[in-house]
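Below: the structure, in C-alpha cells.
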Amino acid sequence: MKRLLEKWGKGIGIYLALMIVFPFVMPDEYYRSVGIIIGLHAIVTIGLCLLMGLAGQISLGQAAFWGLGAYTSAVLTTKYGLSPFVGLVASAIVPGLFAFLLGRAIAGLQGYYLAMATLAFGYIVQIGITEWEPVTGGASGMISIPQVPFFGDSELSMYYLIWAIVTCVLVFSLNLMHSRVGRAFRAIHKSEIAATSMGVDVRKFKLNAFVVSGMFAGISGGLYAHYMGILDPQPFGLHESIKFLTMVVIGGDDQHLGRVDRYCADRFYQRRIDSAQRSHSRLARRRRYDCLRRHSRFDRHVYAGGACAAYPFRL
C-alpha cells in the first residue's frame with residue numbers, strides 16, 4: 001500500500017476529487033447517467049486489464065460474466081425476495097465459479113484458440129439466458145428489480161455507491177499488480193515457457209486471473225441490474241465484449257492517453273440530449289439508456305471513461 005501511495009498518491013487524490021465533485025459540477029441527468037455507466041464499465045475493464053494486460057490472456061466473453069452477475073442478483077431479489085446486498089455478493093460468487101470452471105477447461109489454450117473458447121462461452125451464456133424463460137424471463141427480460149438502498153434510492157446515491165466500488169476494485173488491482181501474483185502474471189504474459197522454467201505455476205495463475213476478472217464483471221453486472229431495474233439478454237452479447245476489449249486496448253496504450261483525456265473534456269461540454277434525460281421512473285430509465293446507447297456521443301463518452309480506467313495498468 002505504501003508503494004502504491006508513493007507512485008499513485010497524487011493521481012489517486014485527483015481521481016477522488018473529480019469523483020466527488022462531478023455530480024455537482026455536472027448536475028444534469030444525462031451526465032450523471034454517463035458517470036454511472038462509465039463506472040460500471042470501469043469495473044469490468046479493470047478486471048479485463050488483469051486478465052489481458054497483465055496475464056496476457058484474451059477474453060471475448062467478458063460480457064457473459066457481466067450478464068451472469070446481473071441475472072444472478074436480479075433473480076435472487078425479485079423471485080426470492082432477498083436483499084440487494086445479498087444479490088450483489090452472489091453476483092460476484094456465481095460468475096467467479098463459472099470463471100473457475102471455464103479457466104480449468106481452457107487453461108491449456110493460447111492465442112486464437114483461447115479467444116474462440118471464450119467467444120463460444122459468451123454465446124452459450126447469452127443463449128442460455130434467453131432460453132431459460134421460467135427463471136430469466138427469456139427474451140422478454142425481467143422487470144421490477146429493486147434498487148440498492150444505499151443512503152436512499154436516488155441516482156446520486158447510486159453514483160457514489162458504484163464509484164466507491166470502482167475505487168475499491170482499482171486499489172485492490174493496483175496492489176495485486178505490484179505483488180508476487182502480479183509479477184507472476186507479467187512473467188506469463190511475456191512467455192509461458194520461460195515462466196514455467198522459473199517455477200511459476202502457469203495453470204494456477206491463469207486460473208486466478210480468470211476468476212478475479214469474472215468476479216469483477218459479475219459485481220458490475222449486479223450493480224447494472226439494480227440501477228436499470230429491468231433486464232433483457234441483448235446487452236450481454238459479443239458487441240459488449242468487444243467494447244470492453246477496446247477500452248483495455250486504448251487505455252493501456254501510452255500514446256492514446258492524451259487523446260482520450262482531451263476527448264472526455266471536449267465531448268462532455270457538447271449540447272445535451274433533450275427528451276431522453278427528463279424521466280425518473282425505472283422503466284423510463286432503461287428506455288433512456290437504450291436511447292443514449294443509440295447515440296454515438298454517449299458510446300464515445302463511455303469508451304473514453306472505460307479507457308481511462310485501464311490506463312494505470314499499462315505494461
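Taking the six-membered ring for Trp and the full ring otherwise, Trp163 and Phe22 have centroids separated by 6.0 Å or more. Phe210 has its ring centre no less than 6.0 Å from the ring centre of Phe98.
Using a 4.5 Å heavy-atom cutoff, the side chains of Thr167 and Met19 are in contact.
A side-chain donor-acceptor contact under 3.5 Å links His226 to the backbone of Pro146. Looking at Ser220, its side chain never comes within 3.5 Å of a backbone N or O of Phe216 through a donor-acceptor pair. Judged by distance alone, the side chain of Tyr227 and the main-chain N or O of Ile37 form no donor-acceptor pair under 3.5 Å. The main-chain N or O of Ala55 is found under 3.5 Å from a side-chain atom of Gln57 such that the two form a donor-acceptor pair. One N or O on the side chain of Arg203 and one on the backbone of Arg104 form a donor-acceptor pair closer than 3.5 Å.
Sorted by first and then second residue, the side-chain hydrogen bond (donor to acceptor under 3.5 Å, both in side chains) pairs with a member in residues 126-141 form an empty list; sequence neighbours excluded. Each side-chain hydrogen bond (donor to acceptor under 3.5 Å, both in side chains) pair with one or both residues in residues 76-98, not counting sequence neighbours, would appear here, but there are none.
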side-chain contact (heavy atoms from CB on, under 4.5 Å) between Val44 and Gln62, worked out: CA-CA 8 Å; Val44 185; Gln62 209 65 12; 3.6 Å; yes
Assess whether side-chain contact (heavy atoms from CB on, under 4.5 Å) is satisfied between Ser59 and Leu48, documenting all intermediate values. CA-CA 8 Å; Ser59 174; Leu48 194 55; 4.1 Å; yes
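Remark: Glu192 pairs with Gln110, Lys206 by the side chain to side chain donor-acceptor pair (under 3.5 Å) rule, at least two apart or across chains.
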